[in-house]
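Given the structure is predicted, the values throughout are model-derived calculations rather than measurements.
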Amino acid sequence: MVAGVPNVDHPAAATALSVLPLGEDEALTARVRRESESYLYLSAPRNALGEATPFVERDMLELSWQADDGLRSVPADAVAVTDDGLWKVRVTGPASKIQRRDAVRAPIGLSVTLSWDRATLVGSTADLSEGGLLAVFRPHGDLGVGVPFPTRNQSLTLSLDLYSDELVTEVALVRRRPRQDNLHEWSLRFVDLPDPAADLIRSHVFTALRNARARGITAIY
């Protein structure tokens, strides 16, 4: 195992990460797939479009993750790519606590599917937090006619595309927002979201916020 206390001195296996290559403005998302005595093995980091980024040997990285006591960060070096496509990285310094734990919200567009009874809506998130999301769905001809709208707090099934992971979980409708077009804009809250799923969402949210700040967007929600 990597030296130190997992989830304190370094991210533990299965932890969702925000990955920032030194000198770059855009943070990436990844996950620790496994660890050995000296290395962490990460899924190939992906950008905001879900595209895998090229591997650069000996590139210096900053790995950030949500620990039990807040957001932590640790420096690392890219060592190699394994036969199964994982990034082999070496932790090169001590971890630091960089932010207290918050259910912050960030603008981020991810593919999403919402299902209940006989209805399925397909669309994209407009913003996301570990507490819930705002999503815009494509028109559905039978919705509100042959298929009734879900009631407030009704249990719905959400499938969220997180690039290298797919989250399928229970959500509840908070409100429907009126629009001038035929699209459906709904606020949804997560119901009993498991801790690993919340960690994964926090990683994507933190990455989106970090990238927004790098582009000079300082006032976000």
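Annotation for A3 and H10: closest pair O-CD2, 3.3 Å, computed over non-hydrogen atoms. A pairwise comparison of heavy atoms in L183 and P139 identifies CD2-CD, 3.5 Å as the closest pair. The minimum heavy-atom distance linking L156 with P150 is given by the pair CD2-CB, 3.8 Å. When all heavy atoms of L173 and S187 are compared, the pair lying nearest together is CD1-O, 3.7 Å. The shortest heavy-atom contact between A27 and S18 is CB-OG, 3.7 Å.
Applying the 6.0 Å contact sphere to CZ of R58 captures no more than 12 heavy atoms from other residues, nucleotides or ligands. For D181, the CG atom counts as densely surrounded, since its 6.0 Å shell holds more than 12 non-hydrogen atoms of other residues, nucleotides or ligands.
Between the CG atom of L61 and the CG atom of D77 there is a distance of 7.0 Å, given to the nearest 0.5 Å. Interatomic distance, W116 CH2 to T157 OG1, rounded to the nearest 0.5 Å: 11.0 Å. Expressed to the nearest 0.5 Å, how far CG of D9 lies from CZ of R72 amounts to 7.0 Å. Distance check, rounded to the nearest 0.5 Å: CG of L17 to OG of S64 gives 8.0 Å. Taken from CZ in R175 to CH2 in W186, the straight-line distance is 14.0 Å, to the nearest 0.5 Å. A distance of 10.5 Å separates CG in L134 from OG in S129, rounded to the nearest 0.5 Å.
By the criterion of side-chain heavy atoms lying less than 4.5 angstrom apart, applied directly or through intervening Ile, Leu, Val, Met, Phe, Trp or Tyr residues, L63 is not grouped with Y41; the two fall into different hydrophobic clusters. Residue V191 is not grouped with residue L158 when hydrophobic side chains (ILVMFWY) are merged at heavy-atom distances under 4.5 angstrom, including chains of intermediate members. F137 and V122 sit in two unconnected hydrophobic clusters of ILVMFWY residues. Membership requires side-chain heavy atoms under 4.5 Å apart, directly or through other members. Each of V174 and L128 belongs to its own hydrophobic cluster when Ile, Leu, Val, Met, Phe, Trp and Tyr are linked at side-chain heavy-atom distances under 4.5 angstrom.
F55 has its side chain within reach of E57: a pair of non-hydrogen atoms, C-beta onward, lies under 4.5 Å apart. At a threshold of 4.5 Å between non-hydrogen side-chain atoms, the residues T169 and F190 count as touching. Within the 4.5 Å cutoff, the side chain of L121 has heavy atoms near those of the L143 side chain. Residues I108 and V205 fail the side-chain proximity criterion, which asks for heavy atoms closer than 4.5 Å. In this structure the side chain of L114 reaches within 4.5 angstrom of the side chain of L188, judged on heavy atoms. Proximity of R189 to V171: side-chain heavy atoms (C-beta onward) are nowhere separated by under 4.5 Å. Counting heavy atoms from C-beta on, the side chains of T29 and L200 never come closer than 4.5 Å. The shortest side-chain heavy-atom distance between I201 and L167 falls under the 4.5 Å cut-off.
With T207 contributing its side chain and S203 its backbone, the two residues share a donor-acceptor pair below 3.5 Å. Put simply, the side chain of T125 gets close to the backbone of L110: a donor and an acceptor are under 3.5 Å apart. Using a distance-only test at 3.5 Å, with no hydrogens or angles considered, a donor-acceptor pair links the side chain of N47 to the main chain of G50. A donor-acceptor pair is defined here as one N or O able to donate and one able to accept, closer than 3.5 Å; no such pair exists between the side chain of H184 and the backbone of V136.
Residue pairs meeting the salt bridge (Lys or Arg N to Asp or Glu O under 4.0 Å) criterion with at least one partner in residues 158-173, sequence neighbours excluded, are R31-D165, R33-D165.
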Worked verdict on Q66 versus N7 for side-chain contact (heavy atoms from CB on, under 4.5 Å): CA-CA 8 Å; Q66 181 66 53; N7 206 34; over 6 Å; no
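Using modelled atom types and a 3.5 Å distance limit, the side chains of T113 and S159 yield no donor-acceptor pair.
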Let me check something: any side-chain donor-acceptor pairs from residues 83-93 under 3.5 Å, sequence neighbours excluded? List them with distances.
unit_1 : atom_1 : unit_2 : atom_2 : d
D84    : OD1    : T82    : OG1    : 2.3
D84    : OD2    : R34    : NH1    : 3.2
R90    : NH2    : Y39    : OH     : 3.4
T92    : OG1    : P75    : O      : 3.4

